[in-house]
Amino acid sequence: MSASAKAVSAADWRADFPALHQSVHGQPLVYLDSAASAQQPAAVIDAVSRYQREDHANVHRGVHTLSHRATEAYEGARDKIRNFINAGSRAEIVLTSGTTEAINLVAQSFCRPRLQAGDKILITHLEHHANIVPWQLVCEQTGAELVVAPINDKGEVELSALLDLIDDKVFLIGIAHVANALGTVCPIEKVIEHARQRGIPVLVDGAQGVPHLNVDVQALGCDFYAFSGHKMFGPTGTGVLYGREELLESMPPWQGGGDMILEVSFDETIYNELPYKFEAGTPNISGVVGLGAAIDYLQAIGMANIASYEQDLHDYMVAELKKVDGIRLIGEARHKASAQSFLLDDIHSHDLGTILDQQGVAIRTGHHCAMPLMQYFGISGTSRASLAFYNNRDDVDRLIAALGKAKAIFG
Ligand code: PLP
């Protein structure tokens, strides 16, 4: 794409997001918190609204027209998700409430029945709590051990140290595709390659990967890939666990209830086929319909276009932040996507976030659900600006100007 083509497309994309066209505290909104939750395009909002107005009914069991329509829309979204991440089959797409539920499902259904005392779950030091605590729980339940691969001061995973930690006791490796607090793109391809050679399953926490990078689970060769709808411009309360069919097939259900069964008697229950075996109860039908619309929207732009546009903007943001007197960047990995954490002078990040909000600039402050990572850097939290393809250089300039004002206020 030429620079002018990029500019035109970015303006068009932004126009598609109603929430971005408002003022906050009398200033046009600059939204730099997409890593926490991304805004939704009108296409998603309209798809959910149309479904609610015209098609809403419960899925799967109904013989009437609305139930058929709801089922078609819901299962159609599953097909879109399969295609979006290039899974081999729709049986491999388990719909969840988010990344958190997807990882807990793997911990409890895949790991818990098989883990033995002395086994290890290997993660890294830059994980979100959702990729730490479910493993701690299952380790407590089974006597297994949680092992943490180190990072360096740039916020990169120390790959060779991680590979050195892989031994016969490692039962599963859990690693972020992109670290939410720092924006580090982790070397998942290398980790998966080494793990596969040793027959160790890998779960990728893709919550921050899918919104920014092209993800092909077959090319990656991972065993599980988890992500959330609300970070990829879809509704909250939706998410996906991709799992290799062979593994999902071998796992017991995680929760019991309606829809996950074929037949129930008091003597015996026969479970449903994949992926329904893992989807007990009435799902978030409208949310999943919206997630399908988000995928249509992303595919119309193209993930490669999104990645290259965002890379450019991220580089610009980092270069401009570096010019701010008193800034300390947290996370300077060579491969980054979307997010940049920073500290400014000795201003507490919550104070900084509040002052920026007064100027219409929304950033996230605090520990970003990555407390062990904050402990590594010896800080309690950071300010984090995270980008999506609807942001532009003007947004970055507004961020920088707002930081200047914060400095003036704090003297
Ligand atoms: N993993 C990462 C890397 C995240 O950034 C997040 C959310 O911020 C999660 C997991 C948890 O996602 P959710 O709260 O949607 O389940």
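All residue numbers in this chain count up from 1 along the given sequence. Both ligands and their constituent atoms are indexed starting at 1 by order of listing.
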Trainee: Exactly which residues line ligand 1, taking a heavy atom under 4.0 Å from it as the test?
Mentor: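 Gly98, Thr99, Thr100, His128, Ala130, Asn180, Asp205, Ala207, Gln208, Ser228, His230, Lys231.
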Trainee: Any chance CD of Glu54 has more than 12 other-residue heavy atoms, nucleotides or ligands included, within less than 6.0 Å?
Mentor: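 More than 12 heavy atoms, drawn from other residues, nucleotides or ligands, come within 6.0 Å of this atom.
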Trainee: Which side-chain N or O atoms in residues 15-22 pair as donor and acceptor under 3.5 Å with protein atoms at least two apart or in another chain?
Mentor:
unit_1	atom_1	unit_2	atom_2	d
Asp16	OD2	Tyr297	OH	2.6
His21	NE2	Arg14	O	3.0
Gln22	NE2	Ala19	O	2.8

Trainee: Is it the case that atom CD in Gln299 sees more than 12 heavy atoms from other parts of the structure closer than 6.0 Å?
Mentor: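 Yes, the 6.0 Å shell around CD holds more than 12 heavy atoms from other groups.
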Trainee: With a 4.0 Å cut-off, would you call Lys323 and Glu320 a salt bridge?
Mentor: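 The answer is yes: the pair qualifies as a salt bridge.
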Trainee: Quick one: do Glu75 and Arg78 make a salt bridge, cutoff under 4.0 Å?
Mentor: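 Looking at Arg78 together with Glu75, the answer is yes, because their closest N to O distance falls below 4.0 Å.
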Trainee: So does Asp167 pair up with Lys120, basic N to acidic O under 4.0 Å?
Mentor: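 Answer for the salt bridge query: yes.
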